[in-house]
Amino acid sequence: MIDRLSTLFFKTLREDPAAAEVASHRLLVRAGYIRRQAPGVFAWLPLGLRVKNKISTIVREEMAAAGASEVYFPALLPREPYEQTGRWGEYGDELFRLRDRHGADYLLAPTHEEVFTLLAKDIVTSYKEMPFEIYQIQDKYRDEARPRAGLLRGREFTMKDAYSFGLTDEHLADSYQRQRDAYERIFTRLGVEYVIVTAQAGAMGGSKSEEFLLPTTVGEDTFVRSAGGYAANIEAYVTPQLEARDYSGVPAATVHETPGANTIDKLVTQLNKSVPHPENRSWSEADTLKHVVFAVTSADGEREVVVIAIPGDRVVNDKRLEVAFPNCEIEPATAADLAKYPELVAGFIGPVKDGARVLGKGGESSVRLLVDPRVVSGTVWVTGAAAVDKHAVAVVCGRDFEPHGFADVANVRDGDLAPDGSGTVETARGMEIGHIFQLGKKYAQSLGLSVLNENGKLTTVTMGSYGIGITRVLAALAELNHDAKGLVWPVAVAPYQVHLVAAGKSDEIYKIAEKTAAEFAASGIEVLFDDRLKVNPGVKFSDAELLGMPYVVVIGRDATGGQAEVWDRASGDREKMALDQLLEWLNSKLVNKLNCFTQRAAQ
RNA sequence: CGGGGUGUAGCUCAGCUUGGCUAGAGCGUCCGGUUUGGGUCCGGAAGGUCGCAGGUUCGAAUCCUGUCACCCCGACCA
């Protein structure tokens, strides 16, 4: 079977589409792989579909090897299961909701935990059937506030989602590890670089979670990693707790006039003018303690004002803040919030006033004081003095005030310490291409999935969920593999392995090209044959480069003399070769390229 | 949701500031010829409610008001 450009439904664009900004989007549209249907929604043309299927096939092979069975759910689902787990409401505007003619609510699934759980409930009744994993490759729908970058962040996207079911934590750990191993093999076979970072399970519930990130500046996630092997996304990074220090030599705190110094910046300037530093150096932002006030609204609607103190040279990171207060709405305190607590003097908030404790344990204020993990007993700070235009110097944690607890919400910087002692971390950007979760019993509990154990007792099932963004990986591959002329697919996912161009109009050339294509196909090579009669060679060459097959074979002016030309799309190398050597050469190249990744994956 | 930008032919865009005859170009498409290893060249043709609605004006792609859509940055993103 030879696929021919003369009959293939495709069209290349001479110019970049106006709406496409990022390379993957631009080239996939220009080369005729996808077409935009609506914001964040794309139609798949034959070439794009082939790439998508190749990625899916690799995922299927590795899922099978990991012991997972493939199933297929509808994307259109009824409201009830999602109502039971609370996600119908929690998902908010991001959920595509619709209504049938009877007025019943439906949704386009953003992810399928609920129905997988219910399927398991339907079918599995005994511990003897545990553990097991099932998965599907399906389209997911999320009504993104702002879809962007073509396939990289769409509203419809294809995802492999697997779910594991077991009775014990050991089952879960085992399934999790098998999926994790499969992911490593999948990404290696695809030729995608990845970093596994510990992540925050977040609203998915559950305990352990890791993300597979592709390091790239176009990525939307920030993560940190150390040379010693620590890696975590920015939400999951844990600041190492410092040891308490001896503060016996620290003089008593003193209060200084700091008129108008309601920011850290102004404060440091004033200190350097009027207050000598005990160590005879300049004051810096890191000497100060910044008190930030937030209003935390819990799930039951109760609004609490909280003060968080972090070193003055840091800022609060919103994502880390969210993690610190799970299941709560958190926002900066309003003027109305502050008005209720006169001890919170905007710009001059501090734990101590006139030597008396204000915030923290033993303080008069009812407001909770949480501090950065770097603020431990014995550390010395400049803080607000809880009075307008006044700051206190040499305020010692553990002596002058005692926080209620810690809040690890400050930003992470290059050079911060990794919590596992593996050195300092550096920050980097990454794109999430896979995510694995140990969900635990959350879904099983709310949907009533339990089975009989060895002792005949009903036991709630423990679950995991494991996702790979198929279409996002496709876009990432395009993003990583292209040049000025077009796409440059790795052999493992290229729509065809060889692009055969008949360059010339003579019958002789076409006969030879036809015969060559047939030989390729017969030996199992996936060949795309540019047999278009009325197209100039220049156009065919440009198309071949834009479409991006790994190898281009040109049957042209030298064909009658028994010669062809082969191009290596990635390296740009071109060489003349006898027609009867083509097959052998290509086969060895293709086998090598495929093997190099599969073998690496097998290790 | 906040900020910015753009809507004119299948595609990429010009024209709009300063209103004026029949709304343009390149590419693509179709026809005839030409060329055949780098998006050939020549000639001809088809193709547009100028996003939509309202207003100002003798006259609106152009000015005004409203509205819709799309793109980009940010917020958001199991």
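Within every chain, numbering begins at 1; the chains are lettered A, B, ... in the order of the sequence lines, protein sequences first and strands thereafter.
- With sequence neighbours excluded, the residues that form a salt bridge (Lys or Arg N to Asp or Glu O under 4.0 Å) with A:K576 are A:D558.
- Ionic pairing of A:D543 and A:R532 is present here: one or more N-O contacts between side-chain nitrogen and carboxylate oxygen are shorter than 4.0 angstrom.
- The cationic group of A:R97 lies under 6.0 Å from the six-membered ring centre of A:W88 and within 45° of the ring axis, placing it in a cation-pi geometry.
- For A:D16 and B:G39, the CG to C1' distance is 14 Å, given to the nearest whole Å.
- Annotation: side chain to side chain donor-acceptor pair (under 3.5 Å) contacts of A:Q177 (sequence neighbours excluded): A:D181.
- Mapping A:E144 and A:K505 onto RNA chain B by nearest heavy atom places A:K505 closer to the 5' end of the strand.
- Applying the salt bridge (Lys or Arg N to Asp or Glu O under 4.0 Å) test to A:D580 and every residue at least two apart in sequence or in another chain returns nothing.
- Atom CZ in A:R30 sits roughly 15 Å away from atom P in B:G39 (whole-Å rounding).
- For A:P17, counting side-chain heavy atoms from C-beta on, the closest listed nucleotide (B:U12, B:G37, B:G39) is B:U12.
- In this structure, A:S542 has no side chain to side chain donor-acceptor pair (under 3.5 Å) partners at least two apart in sequence or on a different chain.
- Using P as the reference atom, B:U56 and B:A46 are 37 Å apart when rounded to the nearest Å.
- Spacing between B:U22 and B:A61 at atom C1', rounded to whole Å, works out to 15 Å.
- The partner of B:G39, taking Watson-Crick or G-U wobble pairs whose two distances both stay under 3.5 Å, does not exist in any strand shown.
- Rounding to whole angstrom units, CD1 of residue A:I512 and C1' of B:G37 are separated by 15 Å.
- Nucleotides B:G55 and B:G19, compared at atom C1', are 15 Å apart to the nearest Å.
- The shortest distance between the side-chain N/O atoms of A:N536 and the OP1/OP2 oxygens of B:U40 is below 4.0 Å.
- Scored by the salt bridge (Lys or Arg N to Asp or Glu O under 4.0 Å) test, A:E304 finds A:R368 as partners (sequence neighbours excluded).
- Backbone-only engagement by A:E94 is indicated by non-hydrogen atom pairs under 4.0 Å involving sugar-phosphate atoms exclusively.
- As a whole-Å value, the separation of A:D93 CG from B:C1 P is 9 Å.
- Across all strands shown, B:G51 is found opposite B:U67 as a Watson-Crick or G-U wobble partner, with both distances under 3.5 Å.
- A salt bridge links A:D174 and A:R178; the closest N-O separation between the charged side-chain nitrogens and carboxylate oxygens is under 4.0 Å.
- Rounded to the nearest Å, the gap between the P atom of B:C1 and that of B:G47 is 42 Å.
- We find that CG of A:D221 is positioned 12 Å from P of B:A75, with the value rounded to whole Å.
- Distance check, rounded to the nearest 0.5 Å: NZ of A:K160 to NZ of A:K140 gives 10.0 Å.
- B:U17 sits 16 Å from B:C64 when the C1' atoms are compared, rounded to a whole Å.
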Scan nucleotides 68-71 of chain B against the protein and return all N/O pairs shorter than 3.5 Å with their distances rounded to 0.1 Å.
residue : atom : partner : partner atom : Å
B:C71   : O3'  : A:A19   : O            : 3.4

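- For residues 468-479 of chain A, the side-chain hydrogen bond (donor to acceptor under 3.5 Å, both in side chains) pairs, not counting sequence neighbours, are A:S24-A:E479.
- If you take CZ of A:F541 and P of B:G37, they are 8 Å apart, rounded to a whole angstrom.
- A distance of about 16 Å separates the C1' atoms of B:A25 and B:C50, rounded to the whole Å.
- Distance CD (A:E545) to C1' (B:G39): 11 Å, rounded to an integer number of Å.
- Partner assigned to B:U57 is none, using Watson-Crick or G-U wobble distances below 3.5 angstrom.
- Across every strand in view, B:G74 sits in a pair with B:C1 that passes the Watson-Crick or G-U test at under 3.5 angstrom.
- Contact annotation: side chain of A:R35 to base of B:G10, donor-acceptor pair absent below 3.5 Å.
- For the C1' atoms, the distance linking B:U65 with B:A23 amounts to 25 Å, nearest Å.
- Rounded to the nearest Å, the gap between the P atom of B:G7 and that of B:C11 is 14 Å.
- Straight-line distance from the CZ atom of A:R148 to the C1' atom of B:G3: 14 Å, rounded to whole Å.
- Nearest-nucleotide mapping onto RNA chain B: of A:M159 and A:V535, the residue sitting toward the 5' end is A:V535.
- For A:E70, the salt bridge (Lys or Arg N to Asp or Glu O under 4.0 Å) partners two or more places apart in sequence, or in a different chain, are A:R60.
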Going 5' to 3' through nucleotides 23-32 of chain B and flagging B where a protein heavy-atom sits under 4.0 Å of the base, S where only the sugar-phosphate is that close, and - otherwise, we get ---BSS----

